[in-house]
Amino acid sequence: MECIVLAPPDAQGRQWQYEIENLGEDWQCTLSFSAEQAALRMQERADLLLLLPCGESRLLLDALRTKPPLAPPYILGEDAPDGPLMAAEALPGWLQGQRDALRLPALAEKHLPAVREIATALLRSLEVPQRLRGWAFLPDMCALTVVHPPLLCDLRHGLYPLLAQRHGMTATGVERSLRLCVESTWTHGSLAALERFFGCSVDPEKGKPTNREFLCRVQERLTLSMLRLM
């Protein structure tokens, strides 16, 4: 868990860093004393941003609301989009609650429409059959993995249930429909586009990519496209 703490340059920030890193070996904390420094570190990927009371926190929050990163973290602090600051020991339970409730970081919705549009064009170029049920949710699914990459870590307990919730399906139905889309695209889609897109990333013994392989490659391409536009 990559955590950034934006704090005034005093002992308070260091205390937060120690408390967060004491949560376990999976927790890593980076301390920042300026909005610019915190923003740069967020580009490297962060799961959680904690804003301690200081003028720099307000500057960063205003900047993030105007132009959030492509994959924003959960942000906690005074007037922060995901809620108020809480004690370090409460963070693991809070994050698990967010995952269980299928809640994305609040700012993740900002870029969804643009990513969804690019995803639709990309899927059309691969000749994903639009007659299949999966076409109704596939652009949204691909876009969600761009604005919140952790969804790719556990498809069955994260991404599939989230899409089921958003599109009135079951998680099993989402998984099955995605698989049919992938198989049909591999069988009937544009061979030239598939070779250009997937290259040697697919196990030749399997022939077709797994759902996760397909989504990861699409996510990589969409992320690059969006970063060029931002």
Side-chain angles (χ1 to χ4, degrees), residues 1-115 143-154 157-159 161-163 165-166 219 223 226-227 230:
M1 185 64 58
E2 298 287 342
C3 181
I4 298 173
V5 174
L6 178 57
D10 56 25
Q12 185 183 19
R14 295 295 178 192
Q15 182 62 34
W16 269 89
Q17 186 176 33
Y18 298 147
E19 290 179 5
I20 288 171
E21 291 180 344
N22 282 337
L23 293 174
E25 60 182 17
D26 292 336
W27 285 77
Q28 299 180 15
C29 181
T30 300
L31 192 60
S32 296
F33 298 120
S34 72
E36 182 179 9
Q37 187 181 49
L40 288 173
R41 286 173 173 165
M42 285 175 62
Q43 300 301 325
E44 300 170 2
R45 190 185 180 279
D47 301 293
L48 186 64
L49 171 65
L50 304 180
L51 302 174
L52 273 60
C54 64
E56 291 294 317
S57 293
R58 176 54 58 189
L59 287 174
L60 179 59
L61 192 54
D62 290 344
L64 291 176
R65 283 188 169 130
T66 301
K67 188 177 180 181
L70 181 59
Y74 294 101
I75 305 173
L76 300 178
E78 184 179 358
D79 296 327
D82 294 294
L85 197 63
M86 63 188 69
E89 60 266 23
L91 293 174
W94 181 84
L95 278 173
Q96 188 59 50
Q98 298 298 102
R99 295 185 183 118
D100 291 344
L102 302 175
R103 282 195 289 267
L104 302 181
L107 293 183
E109 295 285 340
K110 177 79 172 181
H111 294 296
L112 260 181
V115 185
L144 285 166
T145 66
V146 173
V147 300
H148 195 56
L151 288 171
L152 286 170
C153 297
D154 190 351
H157 297 96
L159 186 60
L162 177 60
L163 265 293
Q165 181 187 82
R166 291 168 68 96
Q219 190 254 14
T223 298
M226 281 298 298
L227 290 176
M230 292 175 67

Are the side chain of Q37 and the backbone N or O of F33 linked by a donor-acceptor pair below 3.5 Å? yes
If we only count heavy atoms from C-beta on, is the P150 to R45 side-chain gap below 4.5 Å? yes
Between CG of L49 and OG of S32, what distance do you get to the nearest 0.5 Å? 8.5 Å
Taking every non-hydrogen atom, the tightest pair across L6 and E56: CD2-O, 3.6 Å
Side-chain touch P8/D10, heavy atoms, less than 4.5 angstrom: yes
Hey, what do you get for OG1 (T66) to CG (L61), rounding to the nearest 0.5 Å? 9.5 Å
Going by heavy atoms in the side chains, are L102 and P161 under 4.5 Å from each other? yes
Any donor-acceptor pair under 3.5 Å from E19 side chain to A88 backbone: no
How long is the span from the SG atom in C29 to the CD1 atom in I4, to the nearest 0.5 Å? 9.0 Å
If you compare all heavy atoms of P113 against all heavy atoms of E109, which two are closest, and at what distance to 0.1 Å? CD-O, 3.6 Å
Side-chain touch L91/M1, heavy atoms, less than 4.5 angstrom: no
To the nearest 0.5 Å, what is the distance between CG (L52) and CD (Q12)? 4.5 Å
CD1 on I20 to OG1 on T30, rounded to 0.5 Å: 10.0 Å
L31 backbone acceptor or donor facing R41 side chain under 3.5 Å: yes
Could you list all the ring-ring contact (aromatic ring centres under 6.0 Å, His included) pairs where at least one residue sits in residues 61-114, not counting sequence neighbours? Y74-W94, Y74-H148
For L104 and A108 the tightest heavy-atom approach is CB-CB, 4.3 Å
For A80 against L76, the heavy-atom pair lying closest together: CB-C, 3.6 Å
Test item: P72 and L64 side chains (from C-beta on) under 4.5 Å apart, heavy atoms: no
Give me the atom names and distance for the closest heavy-atom approach of A7 to C54. C-SG, 4.1 Å
For the residue pair L51 and L85, establish whether any side-chain heavy-atom pair is separated by less than 4.5 Å. no
Contact between D47 and L95 at the side-chain level, heavy atoms closer than 4.5 Å - yes or no? no
Does any part of the side chain of V5, heavy atoms only, come nearer than 4.5 Å to the side chain of Q17, both counted from C-beta? no
For the pair L144 and R166, evaluate side-chain contact (heavy atoms from CB on, under 4.5 Å) and give the outcome as yes or no after the intermediate values. CA-CA 11 Å; L144 285 166; R166 291 168 68 96; 3.8 Å; yes
I need the minimum non-hydrogen distance between L59 and A35, along with the two atoms involved. CB-CB, 4.2 Å
Side-chain donor/acceptor of Q28 to backbone N/O of E2, under 3.5 Å: no
Going by the salt bridge (charged side-chain N to carboxylate O under 4.0 Å, His left out) test, which pairs reach into residues 65-94, not counting sequence neighbours? R58-D79
